[in-house]
Amino acid sequence: MVVAPSRSPAPIAQRRSAHYHSVNVIVLDDDVNTFQHVVAVLVRHLPGMQPDRAWELAHRIDGEGSAVVWSGPLEQGELYHQLLSAEGLTMAPLGHG
């Protein structure tokens, strides 16, 4: 009896990347939000965000026009994008990381 070789499933890393696309959440500079507001929103909504890091990001947003404030899985990125946008921050479309 001849047994056809079985196809093994894709390695876990490949399967994971197919389901968990990495995205960048990017805040854009605007003439509306103050540094204090940007810092408060980042600290309030992004896990592990410390005030010192939020201030660095606020200065980068102001000086360079934008900053990646969070990177990770698509579903979480969509949530953080919505939360920051709802607080009035000017957001770029989600960028793939």
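Side chains are part of it too, since the values below use all heavy atoms of this structure and drop only hydrogens, waters and symmetry mates. For clarity, every value in this text was computed on a predicted model and none was experimentally measured.
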Worksheet item: Is any side-chain heavy atom of L79 less than 4.5 Å from a side-chain heavy atom of H45?
Response: no
Item to complete: Determine the minimum heavy-atom distance between A54 and V43, stating which atoms define it.
Response: CB-CG2, 3.8 Å
Practice prompt. Taking all heavy atoms of V39 and all of A58, pick out the closest pair and write down the distance.
Written response: CG2-CB, 4.1 Å
Discussion item. Would you say that L57 contacts V27 through its side chain, given a criterion of any heavy-atom pair below 4.5 Å between the two side chains?
Written reply: no
Practice prompt. Please answer whether the main-chain N or O of V32 pairs with a side-chain N or O of H37 as donor and acceptor at a distance below 3.5 Å.
Written response: no
Discussion item. Just so I know, are the side chains of V25 and L94 near enough to count as touching, which here means a heavy-atom distance under 4.5 Å?
Written reply: yes
Practice prompt. Measure across G88 and N33 and return the closest heavy-atom pair with its distance rounded to 0.1 Å.
Written response: O-ND2, 2.9 Å
Worksheet item: With sequence neighbours left out, which residue pairs that include part of residues 49-71 fulfil the ring-ring contact (aromatic ring centres under 6.0 Å, His included) condition?
Response: F35-H59, W70-Y80
Worksheet item: Side-chain heavy atoms under 4.5 angstrom apart, residues restricted to Ile, Leu, Val, Met, Phe, Trp, Tyr: same cluster for V68 and V41?
Response: no
Fill in: Partner of I26 by side chain to side chain contact (heavy atoms under 4.5 Å, CB included), out of S71, S66, P93
S66
Worksheet item: Mind checking what makes salt bridge (charged side-chain N to carboxylate O under 4.0 Å, His left out) contact with E56, not counting sequence neighbours?
Response: R53
Item to complete: For G77 and V23, work out which heavy atoms get closest and say how close.
Response: CA-CG2, 3.9 Å
Worksheet item: If you take all heavy atoms of H81 and A92, which pair is closest and at what distance?
Response: NE2-O, 2.8 Å
Fill in: Among D30, V38, L28, V69, side chain to side chain contact (heavy atoms under 4.5 Å, CB included) partner for L89
V38
